[in-house]
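Chain identifiers are assigned alphabetically (A, B, ...) following the order of the sequence lines, protein sequences preceding nucleic acid strands; residue numbering begins at 1 within each chain.
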Number of protein chains: 2
Amino acid sequence: MITIKEIAKRASVSIGTVDRIIHNRGGCSEKTRQKVTKIIEETGFKPNVMASHLVKSRSYAIGIVMPFPYQNDNFWELSRTGIERGRSSFPHFDIKIKYYFYNRYADLTFFTVFEQAMGDGNDGLLIAPVLSLPAQEMLQKHKTDIPMVFFNASLPDSSIASFVGQDCFMAGMTVGRLMSILTGNEGNIALIDISPEDYHINIRAQGFEQFFAGNARIQIHRFSMPNSEDFSDFESLCTTIHDQLPDLKGMFIPNASTYRFAQAIDRIPFKNKVFIIGYDLIKENIECLKQGKIEFIINQQPIRQGIEALTILMNHIIHREVDRKELLLPIEIVARENLDSFTNIIRP
Amino acid sequence: MITIKEIAKRASVSIGTVDRIIHNRGGCSEKTRQKVTKIIEETGFKPNVMASHLVKSRSYAIGIVMPFPYQNDNFWELSRTGIERGRSSFPHFDIKIKYYFYNRYADLTFFTVFEQAMGDGNDGLLIAPVLSLPAQEMLQKHKTDIPMVFFNASLPDSSIASFVGQDCFMAGMTVGRLMSILTGNEGNIALIDISPEDYHINIRAQGFEQFFAGNARIQIHRFSMPNSEDFSDFESLCTTIHDQLPDLKGMFIPNASTYRFAQAIDRIPFKNKVFIIGYDLIKENIECLKQGKIEFIINQQPIRQGIEALTILMNHIIHREVDRKELLLPIEIVARENLDSFTNIIRP
DNA sequence: GCAATTTTCGTGTACGTAAACAATTTGCAA
DNA sequence: TTGCAAATTGTTTACGTACACGAAAATTGC
């Protein structure tokens, strides 16, 4: 593997010059710059990470912009776990992580928090732009060179930064397939409209409906659920559903609040068994899955999202990679039988 | 983070002495050894990987002991891809990989190949002990200090080395769940006995049967398939099955040859649709899944297995970690809708 | 008690890069 | 042409570890 010294020799300049050109921190003539750049490209030189980190051995400040971890059925706590896991996969890199939590039901808090994260002199940002409109607006206003990676949710304009997450539409389609099999492909199905301001959750619902498009044997009924922390609201919505569709055969809840519906449904005497499919392996959902109150869970792999996102971000920072990647993680189907394989991954 | 120099100062010896003690390459008195060791333990010192690799910058020879990649429906080609992928995740580590392929239908070739791998002075070995008996015998004979990691298949005595793979029994159970839903939990189901000498494949079948234990509505029928490369053999077995069970509702093939059965079944006029569940995302199976000839595929994540196994092995070698881990990867259920999410992971 | 060993320990150099500092060349006005 | 500042380039040191080499100390043999 070629070194900076070798390049200097071939270009008949000093290593200092080569170094300046690599990090384009100016102070050299255009002629030598081109000469050296040419050799770098020809030889495919890549700085040795070991050596460069050894000499720098500085700490990296990483800001995480995401919703409050306990706001939505603490799904976001899993993302946080993943980020911390990713951090520990860089031993000897002193990564200092600072969280900037926003309230996902209040656009304003996103603005505030994002500007803080920008102003704090972070070396890189990990952003979960769940509120996609404010996020987009914000990013257009603040043109910045700080490396950024989006996770969990992305923005329509993907050229801004890398993204790690799931293909929501196909995930919805996948739920459609499972629901079709569970119900014998006929009957009434409830689709819960939850947190309508969340772009991603809506795409899931659209994918689900798309699966059944043109299928007259299945009736999909949308029900709106106001954002609420109150359990009785879930219960009363389920009662309403029962009044309208006593022969309900299935229900799809496109976010982590699945367990609340599962518990409510369990107490209401529907004609048939109501098959429930939902999202995210938070502990309440896991419990319901074990008890047979939920048939399938779609896993977004929040932990792996965190790991991958931080890895991509660190590579941006360390290697100055600038290519925008989109890492779409597998859409994982979780049933009672393979559940443990998702939770107890490592056995000592 | 504490350095070797700091330890030397605290123990009032030179860094050379500390270095000798860390790598216990002798040449120092017992007294100083204890003194330094104590300080190392107290401070929790860990050598800086960057620096140590920088100075060594040697190449690592890794041997891979696995079946011929194209022997079984080229499933093993995927493992190989994963290993190469893992290799490239260690840039600046000059990892030289040498493959030692054995014939999985001939124990003797395993012996030969394994001894070669041991004798070639490799720094570490990645082993797929598909033929578990010969492997176990071999490993008891050759006590060795070469770091090893098993992948795909493990051995009953797991204390020998780390393992990366899947919980086969629970994977079989998972297939049971899917089959139960697909068939409406009733009818005749065929379970194919394929490559009986493969411990892992049998465990999958056992898990599958266990799921239906005590369930009188489902009848599971085992059919033996001799190892063969001949397509007409698959066809004739399917004809036999049709003669015996014209109302067959489902079929489980516990390895990568699923597509051969799917194609044969497709040409035979069974009474009902025969739902097929099988293993491994090789391209023929992917094609059948897309065409609706296969309902579900269980993914073993061979690529990730390769990546993880090599990562664990390299950590053993570089950091001298010796803890034996068991990394059980998620049992992934693949349907037509989420298929792409498993194959097109990275979009540029 | 002294030389010849052996054991134990310290010093110096190298790995490849980053960045401060020193040295050199260039451009331009006087 | 000279002087002087600005632009450009070269040199040196440091990062933390590994290891060769040599120096010092301890041990042995006579």
Looking at [options], which one has an atom nearest to any side-chain atom of [X]?
| X | options | answer |
| --- | --- | --- |
| A:Ser14 | D:dT11, C:dG10, D:dT17 | D:dT11 |
| B:Pro47 | D:dT17, C:dA18, C:dC9 | D:dT17 |
| B:Ala51 | C:dT17, C:dC9, D:dG16 | D:dG16 |
| A:Ser29 | D:dA18, D:dT8, C:dA19 | D:dT8 |
| B:Thr17 | C:dT17, D:dT17, C:dG10 | C:dG10 |
| A:Thr32 | D:dG10, C:dA18, D:dT9 | D:dT9 |
| B:His23 | D:dT11, D:dA18, D:dG16 | D:dA18 |

Taking atom [atom2] of [N] as reference, at what distance in whole Å does atom [atom1] of [X] sit?
| X | N | atom1 | atom2 | result |
| --- | --- | --- | --- | --- |
| A:Ile40 | C:dT17 | CD1 | P | 10 Å |
| A:Met50 | D:dG16 | CE | C1' | 13 Å |
| B:Ile22 | D:dG16 | CD1 | P | 14 Å |
| B:Ile4 | C:dC9 | CD1 | P | 15 Å |
| A:Ile15 | C:dA20 | CD1 | C1' | 13 Å |
| B:Lys35 | C:dC9 | NZ | P | 8 Å |
| A:Lys56 | C:dA20 | NZ | C1' | 15 Å |
| B:Lys31 | C:dT8 | NZ | C1' | 11 Å |

With DNA chain D as reference, determine whether A:Arg20 or A:Val55 sits nearer its 5' end, using the nearest nucleotide of each. A:Arg20

Between B:Gln300 (side chain) and B:Leu329 (backbone), is there a donor-acceptor pair under 3.5 Å? no

When you measure from the centre of the six-membered ring of A:Phe68, is the NZ or CZ of A:Arg104 closer than 6.0 Å and no more than 45° off the axis? no

Between B:Glu137 and B:Phe111, is any pair of side-chain heavy atoms under 4.5 Å apart? yes

Describe, in one word, how the ring planes of B:Phe93 and B:Phe90 are oriented to each other, choosing from parallel (under 30°), tilted (30 to 60°) and perpendicular (over 60°). perpendicular

Should the ring pair B:Tyr60 and B:His53 be called parallel, tilted or perpendicular, given that the plane angle runs from 0 to 90° and is split at 30 and 60? parallel

With DNA chain C as reference, determine whether A:Phe45 or B:Glu30 sits nearer its 5' end, using the nearest nucleotide of each. B:Glu30

At under 4.0 Å, does any side-chain N or O of A:Thr3 touch on OP1 or OP2 of C:dC15? no

